[in-house]
Amino acid sequence: MISYGRQSIDQSDIDAVISVLKSDFLTQGKTIDQFEQSLCQYTTAQYCSVVTNATSALHLACLALDINSDSLVWTSPISFVASSNCALYCGAKIDFIDINLDTHNIDISKLEIKLAATKQQNKKLPDLLIVVHMGGLSVDMAQISELSKLYGFKVVEDASHAIGGAYQSRAIGSCEYSEAAIFSFHPVKIITTGEGGAITTNSASVDKKIKLMRSHGITRDISTMEVDDPWYYEQKLLGFNFRMTDIQAALGLAQMSRLEEFVKRRRYLANYYNEMLKGLPLELPDTQLAKDSSWHLYVVKLVEKKVSRRQLFDFLRSSDIGVNVHYIPIYKQPYYQSMGFTQDYCPNAEDYYRRCISLPLHPGLTEENMYFIVNKIREALN
Ligand SMILES: *Cc1c(COP(=O)(O)O)cnc(C)c1O
């Protein structure tokens, strides 16, 4: 099976991991700091914390921004459930803003309309907006930032797809227009640590709280304590064990040096698909619009009813092509249905979901793979 996404591991990655295995620290060692520094350098954000995965990163970001049972969080329905579950972990309420059918990101004009209506009706405005850079294409963060100032909400970027992408010529994760950005290092994402995630921020206090919370809420920083016994530590908050290991960080660090190469290859493959799939009853991604995307996903949308999405999906899967669907609108999940979201709550998201299919896209795909995939799609649609 040609998978829709997979890791690319070379000898430099393997050597990096082996060297940690032979060292004194498998966890809580210096490789963690090095990986964090590398992410700061790349994104230009001032602070970075690496953690067990992007789900815990989102959870910690919400907690560090004081999201609690009085809070309201808004996000996009076309994302992985983690983008929204993080609000629920904190006891907050969640709501969804429909997507734009060109970018598949949150529709900013719909966001603006809903904010204005909410204010007009004297209802509760969101405390936090979690934007998702779908497939690695950045949301228009400057516009989001304007609205956040106008309506007083905070902004977190779920950049799980987006390391290696850029917005206004700056790396995604710079947090120029947000309180924090989150990355995922799951093997299907752009770079991997097996499991892993990171939070970048320019706020010293947010970073401090995240670093406390990822390790039980415990500190050994004597400047914050009154006792100076050498064994002494203090738990300041109710935290978790969300620590990444040095084994993972070593892999992450090695992968960082291959990031540019990965994104370049993904961009090339996306352009190849666009060229080769022209003229078929498919809506292809706008490569000009997505020129700074990290290209985590290559999503096409069917435009004719002659071949259904299910037929195309089954045909490609039976040809060993691991196509996928990203995503089922989050509020359609049974767990979310009890919150009262109606059919067609976000009509664009549901239209998108009916027609979308993600084709394989990862750096390891060969010309031969691509040729095979394209020909099978042609066969299915003709
Ligand atoms: C993959 C993903 C996550 C969760 O990442 P993990 O590292 O697996 O926890 C969250 N949000 C989005 C948009 C994702 O694609």
Side-chain angles (χ1 to χ4, degrees), residues 7-58 60-61 64 157 159-166 170-176 180-187 189-216 218-221 233 239-264 294 363:
Q7 70 279 11
S8 164
I9 300 294
D10 74 5
Q11 196 57 44
S12 70
D13 297 309
I14 294 166
D15 292 344
V17 169
I18 289 173
S19 99
V20 168
L21 287 173
K22 292 177 175 169
S23 77
D24 290 335
F25 292 96
L26 300 188
T27 189
Q28 299 179 279
K30 69 177 185 346
T31 322
I32 292 291
D33 300 331
Q34 289 167 356
F35 186 30
E36 289 175 345
Q37 277 162 24
S38 158
L39 288 164
C40 280
Q41 205 165 41
Y42 183 82
T43 60
T44 72
Q46 275 183 280
Y47 306 97
C48 176
S49 303
V50 293
V51 292
T52 44
N53 50 57
T55 304
S56 52
L58 283 161
L60 291 182
E157 300 170 71
S160 290
H161 299 177
I163 195 161
R170 287 187 75 180
I172 291 178
S174 75
C175 300
E176 183 175 352
I182 265 81
F183 295 117
S184 172
F185 307 129
H186 184 278
K189 306 288 165 69
I190 309 289
I191 63 166
T192 191
T193 59
E195 294 278 357
I199 307 121
T200 56
T201 181
N202 293 317
S203 158
S205 62
V206 166
D207 180 65
K208 194 172 162 203
K209 196 158 171 197
I210 285 169
K211 289 200 163 82
L212 258 181
M213 297 287 278
R214 76 172 165 186
S215 197
H216 309 281
I218 285 174
T219 181
R220 291 176 186 276
D221 177 1
Y233 58 82
F240 307 88
N241 181 350
F242 284 165
R243 294 188 306 259
M244 179 183 274
T245 67
D246 281 60
I247 306 168
Q248 293 168 303
L251 179 53
L253 198 54
Q255 292 260 297
M256 279 302 284
S257 65
R258 304 180 59 210
L259 175 57
E260 302 272 315
E261 163 212 330
F262 288 160
V263 174
K264 201 171 146 203
S294 59

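We count residues from 1, following the sequence as given.
- Side chains of Ser215 and Asn241: no donor on one and acceptor on the other come within 3.5 Å.
- One distance of note links CG of Leu253 with OG of Ser12; it measures 10.5 Å at 0.5 Å rounding.
- Ala16 is linked by a side chain to side chain contact (heavy atoms under 4.5 Å, CB included) to Ala250, Ala254, counting only residues two or more places apart in sequence or in another chain.
- Residues passing the side chain to side chain donor-acceptor pair (under 3.5 Å) test with Ser174: none are found, sequence neighbours excluded.
- The main-chain N or O of Gly197 is never found under 3.5 Å from a side-chain atom of Thr52 such that the two would form a donor-acceptor pair.
- Partners of Phe240 by ring pair (Phe, Tyr, Trp, His ring centres under 6.0 Å), not counting sequence neighbours, listed by chain and number: His59, Phe242.
- Interatomic distance, CG of Leu58 versus OG of Ser160, reported as 6.0 Å (0.5 Å rounding).
- For the residue pair His161 and Ile190, the shortest heavy atom distance occurs at O-CG1, 3.6 Å.
- Shortest non-hydrogen contact noted between Phe262 and Pro363 is CD2-CG, 3.7 Å.
- Residue Ser294 holds its OG atom at 6.0 Å from CD1 of Ile172, rounded to the nearest 0.5 Å.
- The heavy-atom pair separating Ala198 from Leu39 by the smallest distance is CB-CD1, 3.9 Å.
- Applying the side chain to side chain donor-acceptor pair (under 3.5 Å) test to every pair with at least one member in residues 192-206, sequence neighbours left out, gives these pairs: Ser203-Ser205.
- A distance of 12.0 Å separates CE in Met256 from CD in Gln37, rounded to the nearest 0.5 Å.
- Residues Ala54 and Ser184 share a closest heavy-atom pair of CB-CB, 3.5 Å.
- Taking the salt bridge (Lys or Arg N to Asp or Glu O under 4.0 Å) definition, one finds that Lys209 meets it with Asp66, sequence neighbours left out.
- Annotation for Tyr42 and Ala171: closest pair O-CB, 3.5 Å, computed over non-hydrogen atoms.
- With 3.5 Å as the limit, one finds a donor-acceptor pair spanning the side chains of Thr245 and Gln248.
- Side chains of Lys211 and Asp207 form a contact here, defined as non-hydrogen atoms less than 4.5 Å apart.
- If you take CD1 on Ile14 and OG on Ser19, they are separated by 13.0 Å, rounding to the nearest 0.5 Å.
- Counting only residues at least two apart or on different chains, the salt bridge (charged side-chain N to carboxylate O under 4.0 Å, His left out) pairs with a member in residues 7-23 are Asp10-Arg258, Asp13-Arg258.
- Looking at Leu60 and Val51, their side chains come closer than 4.5 Å, going by heavy atoms from C-beta outward.
- Partners of Phe185 according to the ring pair (Phe, Tyr, Trp, His ring centres under 6.0 Å) rule, which considers only residues two or more places apart in sequence or in another chain, are Phe35.
- Residues satisfying the side chain to side chain donor-acceptor pair (under 3.5 Å) test with Thr43, not counting sequence neighbours, are none.
- With sequence neighbours left out, the salt bridge (Lys or Arg N to Asp or Glu O under 4.0 Å) criterion links Lys208 to no other residue.
- Looking at Ile9 and Leu251, their side chains come closer than 4.5 Å, going by heavy atoms from C-beta outward.
- Among residue pairs with one or both ends in residues 35-52, those qualifying as salt bridge (charged side-chain N to carboxylate O under 4.0 Å, His left out) are Glu36-Arg214; sequence neighbours excluded.
- Side-chain N or O atoms of Gln7 include none that pairs as donor or acceptor with a backbone N or O of Gly194 at under 3.5 Å.
- Under the side chain to side chain donor-acceptor pair (under 3.5 Å) criterion, Arg170 pairs with Thr44, Glu176, sequence neighbours left out.
- Every side chain to side chain donor-acceptor pair (under 3.5 Å) that Thr31 has, sequence neighbours left out, goes to Asp246.
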Next item on the list: Take Ile218 and Leu212, measure what side chain to side chain contact (heavy atoms under 4.5 Å, CB included) needs, and give me the verdict at the end.
Entry: CA-CA 6 Å; Ile218 285 174; Leu212 258 181; 5.8 Å; no
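- With rounding to the nearest 0.5 Å, the separation of CD1 in Ile210 from OG in Ser56 is 10.5 Å.
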